*Asks:* 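Before we start, here is the structure in question, set down as structure tokens.
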Amino acid sequence: MPVVGGSLPLLVVCLWVVYVRYALATFMSPFFSAFCAARGIGSSFAGIVFAVYPLGIAVTGVWGAPRLLRWGTRRAVVLGLATTASATLLFGYLPDLCGCSGDADGGCRSALLRWTFVACYFVNGLVGSLSDNGVIVVCGEAFKARSGLVMTLVCTVSGLGSMSGPPLGGTLYSAFGEGAAGFSATCTVFAGLSLATVPLAWCGVPEERVNGSSASPEERAALLQSDDGVEVVSAPGVRDVLTASSALSLGGIFIGGVANGSLDPTLALRLADLSPATVGLFFTVSSLTYTVAALPVGWATEWTKTRERVGDSRAYKLGLSAGFVLMGGGFALLGPLGLPGVGTARCLDSHTAACIGMFLKGVGGAGNNCVYPDLLLDLPTGDGPRVRAAQAKVDGLWNAIYALGWAAGPAFGGGVYSVMGFPGMASVVAMLLCAYAAVLQAAAWSAWGTGGFRRRAPQMQGAREAAVAAALLTAMEHQHLGAALPLDH
């Protein structure tokens, strides 16, 4: 796998691609909801627009990533970046193209603008995420000896992208003049950032393929069948890797995604008296604290893995539960806690309380990192390709479930906001988090926490499986972004 300049330049290029993608995923958070409101598009529909982006990522993670090595990693990364640039640029000029650039008297209520927003943002997430998947496959192959360190760097850089996107987007939007002109100009700048990365990716990312020119005829044959023509490696089904205990943990990932996503269309409305650049800083507080807290949580889970009894997930469920309690407290401060007809705690209704709430949300979000090692407890033992395929299935589920939660969050948050306002929406999310934390606590101290409801599969390895080409194993093992995605954005 020749790479110009050696492995360090390759790592830098891959990390830069990850940073650009996650900066572009979050730069509109401080101003898009207010921009839509000026054109008669309510918070509920703005939430739908925010939701379709991670929905596209989830679809690609399930269906596109396993096929990525058939197309080639370099082509996938370049296609993803070029699509991101094109879709972001088009997104910025949709108000002008639809005749909805004016702000007066509530602006435009064109259905065309609404649904072109949805279609364009969905394509951005669907095709653009090929670049994320491509660099993860390349990193996994090129840095096998230091995969843990490299994936930690990828996680950190993706968090930095999510952290810097909102303040950069808000600052540019204010600098260019709030309204249609600032919206299109800001999108143009970020589209240019993605486009400028295309030649860097073309020169720096190697072309890896399976069933392509880089695979020999013998390797292609080994990918599909054994010596007697019987298929050796078939992807395990969900039932092969999912138990009641792991389903509960995956439910936690979904709830965490919903909570995080609920603020995308609503936080700017809660802080309507602040500039978009300042609103972006509130998102930065959450992303920064998550990035800092995730590393010690990761170390703790690694330490726990060597000391837990086989099948015992108590520590992981308690960690996730503690994270949800912190997140619930953060949302209670963001509201501040109050429902219609109940009253609002005015003493907490301040920007300082909101900042502390975002801090608690970021710290609590790091608890989601306890889910992945919990899921691994249900994997079959052994070291054959079927075992590694089962781990790939778990990885794909972990990534897809969080992306679905992230997709549902904006629609949920926008819908509840339109009925109950921000205090009511934040209070509902806080109660949801705390309720699920109680369920996790109960499970941790029951048979679910000690392995009573687990069914560890028998060893799944054989002589014929060992003959399957390593290229397929790499493709299956890295068909996801799960270990690299930030669980707070």
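All values derive from a computational prediction rather than experimental measurement.
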*Asks:* If I compare all heavy atoms of Leu193 with all of Thr197, which pair ends up nearest, and what's the gap?
*Replies:* O-OG1, 2.8 Å

*Asks:* Would you name the heavy atoms of Gly128 and Thr83 that are closest together and state the gap between them?
*Replies:*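 Answer, listing the atom of Gly128 first, then Thr83: N-CG2, 4.4 Å.
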
*Asks:* Is Leu318 close to Leu440 at the side-chain level, that is, under 4.5 Å between some pair of heavy atoms?
*Replies:* no

*Asks:* Kindly indicate whether the side chain of Leu81, heavy atoms from C-beta on, has any atom under 4.5 Å from the side chain of Leu195.
*Replies:* no

*Asks:* Any side-chain heavy-atom pair from Ile48 and Phe117 closer than 4.5 angstrom?
*Replies:*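 A side-chain contact is absent here, since even the closest heavy-atom pair is not under 4.5 Å.
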
*Asks:* Is a side-chain donor or acceptor of Ser174 paired with a backbone partner of Thr171 at a separation under 3.5 angstrom?
*Replies:* no

*Asks:* So, Phe91 versus Phe190, ring centres under 6.0 angstrom or not?
*Replies:* no

*Asks:* With Phe282, which residues qualify under ring-ring contact (aromatic ring centres under 6.0 Å, His included), at least two apart?
*Replies:* none

*Asks:* Check side-chain hydrogen bond (donor to acceptor under 3.5 Å, both in side chains) between Thr284 and all other residues, then give those that pass, not counting sequence neighbours.
*Replies:*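 Not a single residue meets the side-chain hydrogen bond (donor to acceptor under 3.5 Å, both in side chains) criterion with Thr284.
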
*Asks:* If you look at every heavy atom in Val157 and Leu15, which pair is closest and at what distance?
*Replies:* CG1-O, 3.2 Å

*Asks:* So, taking the atom named CG in Leu263 and the one named CZ in Phe283, what distance separates them when rounded to the nearest 0.5 Å?
*Replies:*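 Answer for the CG-CZ pair, Leu263 versus Phe283, is 6.0 Å.
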
*Asks:* Nearest 0.5 angstrom please: Leu172 CG to Phe31 CZ, how far?
*Replies:*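 One finds 8.5 Å between CG of Leu172 and CZ of Phe31.
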
*Asks:* Identify, with sequence neighbours excluded, every residue that meets side-chain hydrogen bond (donor to acceptor under 3.5 Å, both in side chains) alongside Ser33.
*Replies:*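 Not a single residue meets the side-chain hydrogen bond (donor to acceptor under 3.5 Å, both in side chains) criterion with Ser33.
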
*Asks:* Just checking, is any N or O donor in the side chain of Ser29 or Thr26 under 3.5 Å from an acceptor N or O on the other one?
*Replies:*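 There is no such pair between these side chains.
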
*Asks:* Strictly distance-based, threshold 3.5 Å: is any side-chain N or O of Thr73 a donor or acceptor partner for the main-chain N or O of Pro206?
*Replies:* yes

*Asks:* Going by side-chain hydrogen bond (donor to acceptor under 3.5 Å, both in side chains), name the residues that satisfy it together with Thr88, two or more places apart in sequence or in a different chain.
*Replies:* Asn124

*Asks:* Counting neighbours of CZ on Phe359 that are heavy atoms of other residues, nucleotides or ligands and sit closer than 6.0 Å, is the number greater than 12?
*Replies:*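 Not buried by this count: 12 neighbours or fewer within 6.0 Å.
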
*Asks:* Which heavy atom of His351 sits nearest a heavy atom of Leu274, and at what distance?
*Replies:*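 Between these two residues, the closest heavy atoms are CE1-CD2, 3.5 Å.
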
*Asks:* Under the criterion side chain to side chain contact (heavy atoms under 4.5 Å, CB included), I'd like the reasoning laid out for Phe183 against Phe176: C-alpha separation, chi angles, the key distance, then a yes or no.
*Replies:* CA-CA 8 Å; Phe183 184 75; Phe176 286 124; over 6 Å; no

*Asks:* Measuring from Thr84:OG1 to Asp132:CG, what's the distance to the nearest 0.5 Å?
*Replies:* 7.5 Å

*Asks:* Is there a side-chain contact between Leu55 and Phe122 (heavy atoms, below 4.5 Å)?
*Replies:* yes

*Asks:* Can you confirm whether Leu89 sits close enough to Thr188 that some side-chain heavy atom of one is under 4.5 Å from a side-chain heavy atom of the other?
*Replies:*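 A side-chain contact under 4.5 Å exists here.
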
*Asks:* Among all residues two or more places apart in sequence or in another chain, which pass the side-chain contact (heavy atoms from CB on, under 4.5 Å) test with Ala25?
*Replies:* Tyr53

*Asks:* Say you draw a straight line from CG of Leu248 to CD1 of Ile253; how long is it, rounded to the nearest 0.5 Å?
*Replies:* 12.0 Å

*Asks:* To the nearest 0.5 angstrom, please state how far the CE atom of Met327 sits from the OG atom of Ser286.
*Replies:* 7.5 Å

*Asks:* Under a 4.5 Å cut-off applied to non-hydrogen side-chain atoms, are Asn260 and Lys361 in contact?
*Replies:*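 SC-SC contact between Asn260 and Lys361 confirmed.
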
*Asks:* For Tyr436, which residues count as a side-chain hydrogen bond (donor to acceptor under 3.5 Å, both in side chains) partner, sequence neighbours excluded?
*Replies:* none

*Asks:* Hey, which of Leu267, Ile356, Leu360 is the one that makes side-chain contact (heavy atoms from CB on, under 4.5 Å) with Leu334?
*Replies:* Leu267

*Asks:* Would you call Leu271 and Thr278 a side-chain contact if the rule is heavy atoms closer than 4.5 Å?
*Replies:* no

*Asks:* Locate the shortest heavy-atom distance separating Val52 from Val118; write the atom from each residue and the value.
*Replies:* CG2-O, 3.5 Å

*Asks:* How are the rings of Trp16 and Tyr19 set to each other: parallel, tilted or perpendicular (split at 30° and 60°)?
*Replies:*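 It falls in the parallel class, under 30°.
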
*Asks:* So which atom in Val429 and which in Ser262 form the shortest heavy-atom distance, rounded to 0.1 Å?
*Replies:*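 Taking every non-hydrogen atom into account, CG2-OG, 4.0 Å.
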
*Asks:* Within this structure, what is the OH-SG distance for the pair Tyr93 and Cys120, rounded to the nearest 0.5 Å?
*Replies:* 13.5 Å

